[in-house]
Amino acid sequence: MYFHPVKIGAVQLEGNIFLAPVAGYSDRSFRSICVEHGASFTYTEMVSAEALARGNIKTVSLMRRAQNEKAYSVQIFGGESETMAKAAEIVLEKTACECIDLNCGCPVPKIVKTGAGSALTRDPERLGKIVRAVVKAADGKAAVTVKIRSGWDESHITYREAALAALDAGADAITLHARTKAQGYEGKADWQKLRDLVELAEGRVPVFGSGDLFTPEDALRMLKETKCDGVMFARGAMGNPFIFTKTIQLLKTGSYEEIPVSERIKTGFRELEMLAADAGEEAACREMRKRFCAYSKGIPGGAARREQTVHAATIKDYHTIFDSFLQA
């Protein structure tokens, strides 16, 4: 009942449990691991439209598809319709993604001050103009979706106006992170606003929810309380791709099994190897320090292992620290 297929434009997905775009985290190695563990759909970390338009090679590398992604979305951000449209064209030239997602919710100051991210949620007219330009640029080759916040602050709640502007401009789905820009990632997400948005959309397009999803039970509760079409794990999936497996088990059967320590550590090594293949061993080992800290959470002697992890510089270092758990 709660785990079901969903359609975004012409894109048919087998399920409704997604990995959200997470800056500095949802590279293709992590997305691949999440797909292995049940993520129905994945998003790249946000990509600068300005950087794409300037031909930045590193930016293009962020958009590469993981081998096991049947479908995925490239998320772009920017504050000008012409630049966003040009970026969408480049995305479609450089990738075979099924969806382009527009970030209209990021609260980070350096993004907002350019007129992008959350700045667009409080400017529905400009948001609508950008969506319309990207939809035209996509020309049916990819679905176009929009992620918004509930508003700028509690005195400026604009998610309804922003969502209607996006819908009128041709968006194929809306995701709401039910916090304001002023909240950042603090305080509590107001899921009632998500429920209201579901009612506002009246089934015209799918509405997805984000914010305060850290356990399978959270996902079930959001689906029940808001009637949204699907949920996006963001921080809840960081270092914890197993949340997809467990959530799907819960939605299908009413319970789930914990993941053995050996499986968690093996998964960490799979991600490390894939990331090293993409970014090189040195960069991968630096990046995986925080991720292995999450993979090893709760294991015997975990604190001491994590202290060693923050100094790991080679794949061999990681094996020295964690090999004893591979048979646990």
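- Taking R132 as the reference, nothing meets the salt bridge (Lys or Arg N to Asp or Glu O under 4.0 Å) condition, with sequence neighbours excluded.
- For Y72 and F41, the ring centers are positioned 6.0 Å apart or more.
- Centroid-to-centroid, the aromatic rings of F242 and H37 come within less than 6.0 Å.
- Residues passing the side-chain contact (heavy atoms from CB on, under 4.5 Å) test with K252, sequence neighbours excluded: F3, I248.
- E273 is linked by a side-chain contact (heavy atoms from CB on, under 4.5 Å) to I315, counting only residues two or more places apart in sequence or in another chain.
- Residue pairs meeting the side-chain hydrogen bond (donor to acceptor under 3.5 Å, both in side chains) criterion with at least one member in residues 102-114, sequence neighbours excluded, are Q75-N103.
- Take E217 and apply the salt bridge (Lys or Arg N to Asp or Glu O under 4.0 Å) test, not counting sequence neighbours, and it matches no residue.
- Under the side-chain hydrogen bond (donor to acceptor under 3.5 Å, both in side chains) criterion, the residue pairs touching residues 3-27 are H4-N16, E14-K70, D27-S29, D27-R291, with sequence neighbours excluded.
- In this structure, the side-chain contact (heavy atoms from CB on, under 4.5 Å) partners of A49, at least two apart in sequence or on a different chain, are T83, M84, A87.
- Applying the salt bridge (Lys or Arg N to Asp or Glu O under 4.0 Å) criterion to R264, with sequence neighbours excluded, gives no partner residue.
- By the salt bridge (Lys or Arg N to Asp or Glu O under 4.0 Å) test, E199 is found to be paired with R195, residues two or more places apart in sequence or in another chain being considered.
- Scanning for side-chain contact (heavy atoms from CB on, under 4.5 Å) contacts around A283 gives A279, R286, with sequence neighbours left out.
- Looking at R204 and D168, a side-chain N of the basic residue comes within less than 4.0 Å of a carboxylate O on the acidic one, giving a salt bridge.
- Electrostatic pairing of D278 and R28 counts as a salt bridge here, judged by a charged N lying under 4.0 Å from a carboxylate O.
- Screening residues 235-250 for salt bridge (Lys or Arg N to Asp or Glu O under 4.0 Å), with sequence neighbours left out, gives K246-E258.
- Among residue pairs with one or both ends in residues 40-55, those qualifying as side-chain hydrogen bond (donor to acceptor under 3.5 Å, both in side chains) are T42-E69; sequence neighbours excluded.
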